[in-house]
Trainee: 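Mind having a look at this structure? Questions to follow.
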Amino acid sequence: MKKLFLILLACMASPVWAQQSVVIVLDDSGSMNTYMASGSSRLEVAKQSLGAVISSLPDDTRLGIVLLNGNTWEPDNWFVPFGKLDKPIVDAKLKGLSCGGGTPLAGAMKAGADALLAVRGKERFGNYKLLVVTDGEADDKGTVDMYVTDIMSRGIILDAIGLDMTKSHSLATQVHSYKDANNPEQLVHAISATFAETSSNDPAAAAEDFALLEGLPDGMADKIIDTLAIGDNHPIGEVREIVRDASGNIQFSEDGNVATQAPAGVNVGRLMLVAIGVLILLAIMIAIIAR
Amino acid sequence: MKRLVAILMFMAMASPAIAQQRFSDLVGPVPAEAVKEGKEIAIPIITWGGDVAELLANGNSLKTVKGSINDKLGLKINLVQGDDYVQQVRYYMTGKTPEGLPFPFLRGTMGMLGQSSEVTGSTPGTKPHILGQLTYSAGDHLVCRADINTLNDFGRKKDGKKRRYALQQGGPHVDLLYQILAASQTKKDDIELVWCTDLSGDNGPAEKFRKDSTIDGCFVITPDMIGLTGDAENKGVKGSGEEGTVKDAHVVVSTQTMNRAVSDVWAVRSDWYATHKDFCDKFLAGYLKAVEETVALRKQFSETNKMPPAYRNLLVFAQKTFGEKAIPTIEVDGHGLMLDALFVGLPGQISFFEDAGNLTGYERQAKRVLDMATEWGYASTRSGFAPPKLDYAHVAELAGIKYEAPQKVNRIAAEGVNAFPDSGDEEPPIYSFSINFEPNQEEFTSDQYGAEFNLAIQAAATNRNAAIQVRGHSDPTKTLTDLIKAGMSKNTIERRGASGSFRYFVNGDELNLGHTDKVLALIKAGAFDGVSPSPRETMGVALQLSANRAKAVTQAIADFAAKQQVNLDISQVKPIGVGISEPLVAKPKNIEEAKKNMRVEFRIIKVSAEAIKAQDFEY
């Protein structure tokens with residue numbers, strides 16, 4: 001079982017090309033102490049296997065590991081700070097890892113994705129991958145669902161490895177590839193790279209793609225590609241709303257940028273933080289009253 | 001490092017002819033005679049760093065000095081000037097110098113030996129045994145004008161006219177040209193050659209190039225390259241037009257990168273070799289011993305900047321032998337000449353003659369230069385050579401040097417290659433070529449792409465100071481259609497019309513090229529994000545696909561090399577995915593145009609010196 005999982009992990013994070021940036025979000029919550037059918041705890045399987053993943057990465061990989069229960073989500077202070085890969089140090093750190101605490105999975109995913117976006121903002125090219133290793137029992141599941149969509153829409157490759165994770169979890173159904181540690185031979189879900197270029201291998205169906213493009217002015221496509229490549233690197237979860245007039249026309253500012261504003265609705269993440277704050281205040285007040 | 005130096009002169013070819021012609025016509029009627037008997041053997045040397053080691057072996061003297069390496073081996077050698085290769089061949093065929101010394105040796109490059117092969121192979125006794133390799137060259141350069149930036153520009157101009165290149169007739173650059181044509185997949189008919197009688201000087205290619213602006217490029221040696229470009233450190237500097245340089249003249253390819261293209265060798269007549277094998281073993285042993293000492297002295301000076309007295313004495317004698325025109329100064333020009341010579345040493349002999357997988361070894365070079373000689377009319381028959389079949393352990397013992405088999409090393413460090421040459425101010429690739437495939441294809445077989453894989457493997461072997469960047473590309477069609485779909489879904493853009501005549505509108509205005517900035521601003525503002533399908537997500541997947549392609553092709557090349565049992569330093573091959581960012585057709589109109597974008601491009605790129613693993617011997 002362990003051997004299979006090692007292979008599975010190695011395949012998912014195998015070195016593909018130079019200039020690779022990888023952030024691993026590693027679940028170290030209390031639920032990871034749960035024993036799997038194999039007799040090993042979820043964390044034990046995860047951390048031992050990650051050693052094999054690390055060893056398979058090219059030396060020039062930029063790597064970071066963020067824990068759910070680390071003291072900080074600043075990349076310089078992660079469990080493994082985001083930077084040039086140093087395999088012996090990473091191995092040593094993984095060996096000493098223990099788990100306990102909550103499961104703020106969305107926060108850790110945001111920290112990891114934001115770090116990748118910050119690097120991408122400085123470098124036009126490269127490949128950016130977020131690998132989430134978790135049992136999926138998140139405290140903030142709604143936010144996780146929202147972040148999965150946001151992260152993937154930015155062009156970051158999002159992979160997940162589930163340890164006893166429910167099959168309906170967004171990490172098991174929406175990411176680029178998901179594998180279940182309980183059944184490592186089976187790729188449970190993968191967004192195929194097969195149709196990255198045309199919608200279909202059927203020439204007739206693919207012809208619809210070209211028909212769609214015809215209305216795009218000649219000379220604009222290469223500039224669109226350049227702009228898409230630069231990427232949308234603002235932090236995950238910070239939604240901006242485009243301003244429209246009463247007729248629905250998009251508003252542009254004098255400098256040529258699109259006018260944006262804070263969304264009318266409430267940010268789910270912020271709402272949760274506020275709710276937690278209110279609950280803590282309530283608890284303190286109840287405690288005081290009870291005295 | 002090196003400053004402008006006086007021109008290094010090679011002697012003129014004997015014939016005034018400037019058209020390409022049979023080598024036998026250059027040599028003229030010359031009888032093949034037995035090598036004259038004599039205790040002192042005349043051996044030719046040419047103006048080259050590799051030959052300076054032989055001066056050391058002889059005791060810094062043209063005649064073997066008592067106590068020298070050669071003397072200790074019991075050899076009596078008289079080194080004679082051999083820069084006039086045609087004259088060498090005449091002495092070789094008659095077996096003696098005009099002074100009556102036995103003359104059984106030839107000293108040239110493999111290319112030069114190829115050109116003379118019909119003459120030297122005309123009798124069994126004169127068929128050359130290739131006795132040993134001195135060096136590979138790092139001192140030959142193709143200098144071109146502004147509009148030739150890579151070897152992909154080497155052939156015809158855009159208007160269909162042939163480009164013109166100047167080079168010496170019969171010299172070492174003929175074979176270099178032959179290899180460049182093969183690498184760039186250019187036909188000889190697509191260029192015009194301007195033959196020069198000399199390698200350098202008033203009748204050399206550099207001077208032709210300087211005076212005749214219709215000449216697009218020239219093949220020159222290092223001092224001339226510096227003279228034309230001012231690029232003393234081979235950093236891609238272009239000539240300013242001042243101080244004798246030619247405006248915008250620059251190096252397109254150099255044997256500093258293509259450093260397995262020109263092999264300098266000794267050859268010996270078969271009849272004499274059969275009866276003097278002991279002498280030949282000792283001669284090579286003496287040379288290899290001197291090479292070890294020379295390389296150590298050169299290294300000491302390079303590292304300390306303090307010239308060891310023994311090195312100074314050697315270079316002073318080289319200056320005296322080759323002339324002050326060739327070596328004006330000891331520290332700069334003398335040392336520079338030595339740095340251009342890539343000594344192969346004892347392990348290089350084994351690698352060159354005995355490693356069947358060596359793509360720049362004897363077997364393959366012999367085939368190439370004979371192909372060149374017959375295809376280009378230097379020879380009408382294919383008269384080959386014979387390898388020495390030496391016992392190198394015995395040679396090492398004779399020389400008193402450690403027997404050292406060649407090691408296969410990973411030459412290029414990972415960080416030595418900028419993954420994205422176009423993103424900065426790096427030099428353009430030396431040359432590039434591509435393979436195309438079907439939509440969404442991720443597997444590549446050598447049955448389909450064997451020819452291109454061979455080109456890549458040969459490029460790695462010949463350009464040992466270069467990396468072969470395997471650059472995967474994918475087509476942007478789906479990314480762009482997803483952008484349109486996302487835009488419609490979010491009411492960012494509006495579509496009108498029917499399939500085949502779709503038109504797009506933003507704020508009621510029909511999109512035209514003048515709206516480009518607006519569309520780009522919308523992309524930056526996220527006006528196409530957050531819905532499925534997302535163009536950025538598709539773009540990310542296309543990047544992954546391109547990287548998978550690059551990786552698959554790299555693995556296929558490695559497998560192909562292993563299957564063919566040829567050497568490949570995999571550290572030279574660098575896969576990289578660049579996704580849709582560099583399409584050849586940004587907005588494909590049909591699947592044929594889209595397929596042009598679905599490609600893997602092989603870029604042969606120069607690597608920074610710091611990233612190359614240093615070796616005492618180059619093999």
Trainee: I'd like to check B:Asn597 versus B:Ile580 (side-chain heavy atoms, cut-off strictly below 4.5 Å). Are they in contact?
Mentor: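 B:Asn597 vs B:Ile580: side chains apart.
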Trainee: Looking at B:Asn512, B:Val506, B:Val470, which one has more heavy-atom pairs under 4.5 Å with chain A than the rest?
Mentor: B:Asn512
Trainee: Counting heavy-atom pairs under 4.5 Å to chain A, which of B:Ser499, B:Ala552, B:Ala586 comes out on top?
Mentor: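 The residue among B:Ser499, B:Ala552, B:Ala586 with the greatest pair count is B:Ala586.
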Trainee: Please examine the side chains of A:Tyr128 and A:Val22, heavy atoms only from C-beta on, and report whether any two atoms are closer than 4.5 Å.
Mentor: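 No, their side chains stay 4.5 Å or more apart.
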Trainee: For the pair B:Glu494 (side chain) and B:Met488 (backbone), establish whether a donor and an acceptor sit closer than 3.5 Å, ignoring hydrogens and angles.
Mentor: no
Trainee: Heavy atoms only, distances under 4.5 angstrom: which of B:Lys518, B:Arg503, B:His515 has the most pairs with chain A? Name it, please.
Mentor: B:Lys518
Trainee: Could you look at B:Pro583 and say if it's the side chain, the backbone, both or neither that has a heavy atom under 4.5 Å from chain A?
Mentor: side chain
Trainee: Tell me, side chain or backbone of A:Ile242 under 4.5 Å from chain B's heavy atoms, or both, or neither?
Mentor: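 Answer is side chain: those atoms of A:Ile242 sit under 4.5 Å from chain B.
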Trainee: For B:Phe505, is the NZ or CZ atom of B:Arg496 found under 6.0 angstrom from the centre of its six-membered ring and inside 45 degrees of the ring axis?
Mentor: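 Judged by the rule (NZ or CZ under 6.0 Å from the ring centre, within 45° of its axis), B:Arg496 counts as positioned above B:Phe505.
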Trainee: Out of B:Ile484, B:Thr554, B:Asn590, B:Ile591, which one racks up the most heavy-atom pairs below 4.5 Å with chain A?
Mentor: B:Asn590
Trainee: For chain A, which candidate among B:Asn507, B:Leu480, B:Leu522, B:Leu520 shows the most heavy-atom pairs at distances under 4.5 Å?
Mentor: B:Asn507
Trainee: Can you tell which part of A:Ile157 gets under 4.5 Å to a heavy atom of chain B, answering side chain, backbone, both or neither?
Mentor: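 Contact with chain B: side chain only.
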Trainee: Quick one: which of A:Ser247, A:Ala259, A:Ala211, A:Gly248 has the most heavy-atom pairs under 4.5 Å with chain B, could you say?
Mentor: A:Ala211
Trainee: When only pairs under 4.5 Å are counted, which of B:Asp517, B:Leu511, B:Asn491, B:Ile493 shares the most heavy-atom pairs with chain A?
Mentor: B:Asn491
Trainee: Can you confirm whether A:Arg62 sits close enough to A:Lys84 that some side-chain heavy atom of one is under 4.5 Å from a side-chain heavy atom of the other?
Mentor: no
Trainee: Between A:Asp150 (side chain only) and A:Met146 (backbone N and O only), is there a donor and an acceptor less than 3.5 Å apart?
Mentor: no
Trainee: Is it the case that B:Arg495 places NZ or CZ above or below the six-membered ring of B:Phe502, under 6.0 angstrom from the centre and within 45 degrees of the axis?
Mentor: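 Yes, a cation-pi geometry.
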Trainee: Measure B:Thr492 against the heavy atoms of chain A and call it side chain, backbone, both or neither at under 4.5 Å.
Mentor: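 For B:Thr492, the contact with chain A is made by backbone and side chain together.
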Trainee: Based on non-hydrogen pairs under 4.5 Å, which of A:Leu158, A:Asp222, A:Ile224 is most in contact with chain B?
Mentor: A:Ile224
Trainee: Quick one: CG on A:Leu117 to CZ on A:Arg154, what's the gap to the nearest 0.5 Å?
Mentor: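 The CZ atom of A:Arg154 is 5.5 Å from CG of A:Leu117, to the nearest 0.5 Å.
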Trainee: Select one option (side chain, backbone, both, neither) describing which atoms of A:Asp218 are under 4.5 Å from chain B's heavy atoms.
Mentor: both
Trainee: Can you name the one residue among B:Lys408, B:Lys613, B:Arg464 that meets side-chain hydrogen bond (donor to acceptor under 3.5 Å, both in side chains) with B:Asp569?
Mentor: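 Per the side-chain hydrogen bond (donor to acceptor under 3.5 Å, both in side chains) rule, the option paired with B:Asp569 is B:Arg464, out of B:Lys408, B:Lys613, B:Arg464.
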